[in-house]
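Here's the structure we're looking at; comments come further down.
Each ligand, and each atom within it, is numbered from 1 in the order the structure gives.
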Amino acid sequence: MVAQVLFTLANQLSETAYQNVQQARFIYERQQVEKMLIEMKDKAEAANKSKSEFLANMSHEIRTPLNGVLGMLHLLKETSPTSEQRHLLDAAMTSAKRLTRLLSDILDLSKVEAGKLQLVDSRFSISSLRDSILDLFQFPARENHNELDFPLPQELPETLVGDETRLRQILFNLVGNAVKFTQSGRVSIEVDALARRPDSRVQILFTVRDTGIGITDEQLQLIFEPFVQADGSHTRRFQGAGLGLPIVRKLVQLMDGELAIDNTEGSGTTAYLSLPFGIAHEDIADIPKLDMRNQPDGRKFRVLIAEDDQVSMLYGKKTLQRLGHEVSTASNGKEALQRLAEKDFDLVLMDIQMPVMNGMEAAAAIRTSEEIGSNARIPIIAMTAYAMTGDKESFLSAGMNGYIAKPMEASELQAALAKVMSASN
Ligand code: ADP
């Protein structure tokens with residue numbers, strides 16, 4: 001009897017021990033799998049990050065010579081070409097500009113993916129945003145025989161606080177697509193202020209509605225993936241690289257907003273974009289804006305250009321000389337400081353990436369230098385192929401007064417000059 005009890009007990013014990021061993025093995029295996037998954041995730045993230053960094057570097061490296069090509073084409077156009085040559089030049093410029101836009105998109109997408117894109121909030125006027133959209137899309141809308149409509153309701157706050165550049169980028173994409181995929185129809189943009197949020201921001205709803213070719217349900221599943229276009233045939237009817245919407249989606253996520261696309265059959269496409277913004281209470285009249293109508297009054301300036309790329313330098317110099325300004329050059333920041341010590345200037349155009357001393361270091365050195373006298377307070381405009389938000393703020397905090405993205409159009413250069421010079425007087 002006792003032997004039997006002992007035997008049963010021993011059996012039970014060994015069963016529990018067996019179960020414990022089984023459980024321990026299960027936990028161990030699970031931990032191993034978890035460890036493996038974490039390692040795989042880290043590796044995938046690292047690979048994605050290096051891909052994004054590679055793309056960002058490549059697009060920057062390609063941009064510089066491309067700016068050179070665009071600049072030379074601009075200059076060539078000023079040399080009284082025949083009408084046939086002008087036509088060819090226009091075609092070359094259109095292609096170069098398209099490539100520049102594509103590079104900006106790749107740079108943006110890779111920056112967002114690498115988690116490097118930071119939002120920059122500022123106060124902005126909703127009616128200027130509307131004007132810039134109408135300005136930009138009036139011509140392409142007319143070309144496609146579309147009506148373009150963007151009414152602003154009275155009750156909307158005129159001044160909002162948020163990342164205006166990114167909002168503009170999102171709307172340019174949505175409105176651009178609406179105009180592109182609609183023929184002899186109508187594109188309308190509506191804005192409404194939705195309810196106040198608990199964090200006292202206001203939710204703004206933008207509705208971009210078109211009567212164009214529409215998107216099918218299947219296409220809708222794919223168009224947020226990079227490089228996907230709904231019209232996947234080899235002879236694509238519409239230009240584009242399929243990068244617009246993936247960037248838009250990532251930006252909207254980053255801005256804590258929502259995007260929905262309604263593709264109800266037979267009625268075109270409607271994009272609903274809702275984003276939170278702060279409300280500015282002060283007047284924004286004091287914020288200077290780059291107004292192309294605000295041309296300078298024919299004053300001539302002594303301009304110093306610091307630029308290491310010979311082609312960009314030639315373009316900047318010729319363009320400024322044509323506008324009647326006197327131009328000196330320096331091929332890096334250190335040389336710029338030497339020029340400023342030699343004579344007085346009215347303005348410096350400063351490239352950012354330069355050998356020996358880069359533009360940021362040079363700007364900081366100019367502001368603190370004792371050898372260059374009153375030139376230490378000279379207005380400095382940054383010129384860079386990095387047309388990224390966030391960078392602008394760092395240029396300004398390095399002591400620069402303005403910012404111009406390459407490739408610079410002569411009119412943009414003139415407007416930036418006028419803006420900086422009028423602010424400094
Ligand atoms: P793309 O630069 O090619 O326009 P997007 O990412 O902006 O790239 O759009 C991806 C695809 O989604 C487009 O090629 C098009 O097929 C489809 N699409 C986007 N917007 C519209 C629209 N408003 N109407 C019809 N199709 C659209």
Side-chain angles (χ1 to χ4, degrees), residues 52 55 59 62 94-113 117 133-134 136-150 165-191 205-255 257-275 387:
S52 300
L55 282 176
S59 54
I62 297 170
T94 307
S95 299
K97 280 183 188 164
R98 198 177 302 150
L99 192 50
T100 311
R101 252 199 323 274
L102 181 63
L103 288 171
S104 299
D105 280 354
I106 293 177
L107 189 61
D108 269 1
L109 194 64
S110 50
K111 275 217 166 185
V112 188
E113 282 188 346
L117 197 135
I133 289 179
L134 287 178
L136 191 68
F137 291 105
Q138 226 155 35
F139 182 64
R142 213 175 308 145
E143 263 195 333
N144 276 4
H145 308 286
N146 289 325
E147 258 178 66
L148 181 64
D149 196 23
F150 193 161
T165 312
R166 295 300 162 191
L167 170 62
R168 222 175 259 264
Q169 186 177 4
I170 294 171
L171 286 174
F172 280 6
N173 264 297
L174 297 177
V175 178
N177 277 343
V179 169
K180 183 162 72 172
F181 295 105
T182 306
Q183 282 283 343
S184 309
R186 189 184 156 85
V187 172
S188 70
I189 305 122
E190 288 155 33
V191 202
L205 174 70
F206 295 89
T207 309
V208 181
R209 207 183 296 278
D210 69 58
T211 58
I213 60 169
I215 307 177
T216 64
D217 285 346
E218 298 77 55
Q219 290 166 346
L220 203 53
Q221 311 284 323
L222 298 172
I223 55 175
F224 287 105
E225 294 301 320
F227 298 106
V228 168
Q229 293 187 302
D231 182 12
S233 57
H234 290 297
T235 49
R236 285 205 314 237
R237 281 183 297 151
F238 304 100
Q239 277 170 9
L243 279 176
L245 289 176
I247 294 175
V248 163
R249 186 178 65 167
K250 287 195 190 294
L251 289 177
V252 173
Q253 278 168 357
L254 202 67
M255 292 170 83
E258 297 200 34
L259 175 70
I261 295 197
D262 179 7
N263 63 335
T264 313
E265 216 176 308
S267 59
T269 306
T270 305
Y272 296 96
L273 166 73
S274 123
L275 291 168

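Considering backbone and side-chain atoms alike, Leu245 places an N or O below 3.5 Å from some N or O of ligand 1.
By the 4.0 Å heavy-atom criterion, Ala271 is excluded from the residues contacting ligand 1. Using a 4.0 angstrom heavy-atom cutoff, Gly214 counts as in contact with ligand 1.
Within a 6.0 Å radius of CD in Gln253, other residues, nucleotides and ligands contribute more than 12 heavy atoms.
For the pair Tyr272/Arg209, a side-chain contact is recorded, criterion being any heavy-atom separation below 4.5 Å from C-beta on. By the 4.5 Å heavy-atom criterion applied to side chains, Thr269 and Ile261 are counted as neighbours.
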- Item | Derivation of the side chain to side chain contact (heavy atoms under 4.5 Å, CB included) call for Asp217 and Asn263 | CA-CA 7 Å; Asp217 285 346; Asn263 63 335; 2.8 Å; yes
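Under the side chain to side chain contact (heavy atoms under 4.5 Å, CB included) criterion, Leu134 pairs with Arg130, Leu148, Phe150, sequence neighbours left out. Not counting sequence neighbours, the partners of Asn177 by the side chain to side chain contact (heavy atoms under 4.5 Å, CB included) test are Lys180, Phe181, Leu245.
Within the 4.0 Å heavy-atom criterion, the part of Lys180 lying near ligand 1 is the side chain and not the backbone.
Remark: among candidates Ile247, Asn177, Thr182, Ile215, the nearest residue to atom 26 (N) of ligand 1 is Ile215, based on non-hydrogen atoms.
Short contacts between ligand 1 and Pro246, defined as distances under 4.0 Å to a heavy atom of the residue, involve ligand atoms 6 (O). Close approach of ligand 1 to Gly244 (heavy-atom distance below 4.0 Å) involves ligand atoms 5 (P), 6 (O), 7 (O), 8 (O).
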